[in-house]
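See below for the structure under consideration.
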Amino acid sequence: MLNKKRSRESGEIDGSSLADIAFLLLIFFLVVTTIDIDTGIGLVLPPIPDDIEPPPVRERNLMNILVNAQGMVLINEEPAAIPTVRERVREFVDNNGADPDLSETPDDAIVSIKTDRRTPYNVYIDMLDEVMGAYEELRNQASMDRFGVPFSLSGTTTVPNGKRYTDMYPKTNFNC
Amino acid sequence: MLKLSILRKLRKSALVSYIYIGPERLGGGQLGETSVQIDDGLIEEMGEIRNIMYDKLMEEPRLIVSLRVDQDSEFGIITDVQQELRHAGTLRINYSTRRQL
């Protein structure tokens, strides 16, 4: 008699909240998950030259950046700090012939980055980031002047004279 | 804008080939020599890269090579890989970074 009563008492576990818990977990993971987006600095390597002499470059159109094994930077034979590189590149590219030591036009401007074999990779990336950032700023500025929107947001890539921003400030840096 | 959206589309599809450069992982959490890995295979000799990448380029002419390099690497090995990529004709590269701007 007593035994029978006790076995009847053990009821089921209430399952109605299971859906709530599952839903909560689902939302939790949706919020927490990061989608792995590839970010990075894209560039195009120069092709292997077919025994053709590279065209002569006037010295004023060439900006030499050297990074040594200790991660120290030389710009045109003078020591420089990495955070100042962006400003230097901007001045150099956007000179338009004003200063006789800097580039004639953005088209002609060449930024050369040379590294030692033992240069730390992260220093090189910081360096490249600065140079690319300088070009990005110049393009944005050109876009702002014409349309009042940044380059990345403007719906068009062409400026009134038919040139693209990317052509106005072509990225012509290479490394050896 | 147009260019950007195209690039973003490319990223989604299988146009990106990864090259990993960094110290080899040995047993017991030890790190070995710096080596190069394309997709799943370790590269024994630098000269192989040229052929592998050339084959990939023939399959997919719009190939983008993403270089995923260990932060503490030295630049010399990357220069070697770049030289090989130039020989292979895969000129569009991307240095993968995780840093916030």
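Chain A is the first sequence line, chain B the second, and so forth, proteins listed ahead of strands; every chain is numbered from 1.
With a threshold of 4.5 angstrom between heavy atoms, B:Ile93 approaches chain A through its backbone and through its side chain. Contacts between B:Ile21 and chain A at a heavy-atom distance below 4.5 Å are absent for every atom of the residue. Heavy atoms closer than 4.5 Å to chain A are found in the backbone of B:Asp70, but not in its side chain.
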**Report entry** Candidate pair B:Arg62 and B:Glu60, rule salt bridge (charged side-chain N to carboxylate O under 4.0 Å, His left out), full reasoning
**Finding:** CA-CA 6 Å; B:Arg62 293 169 297 169; B:Glu60 179 50 72; 3.3 Å; yes
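Ranked by heavy-atom pairs under 4.5 Å with chain A, the list B:Asp72, B:Asp80, B:Thr90 is led by B:Asp80.
For the pair A:Asn76 (side chain) and A:Asn64 (backbone), a donor-acceptor distance under 3.5 Å is present.
For B:Glu74 and A:Arg117, the salt-bridge test fails: no basic side-chain N is under 4.0 Å from an acidic carboxylate O. Contact check on B:Glu48 versus B:Arg50 returns no salt bridge, with no Lys/Arg side-chain nitrogen under 4.0 Å from an Asp/Glu carboxylate oxygen.
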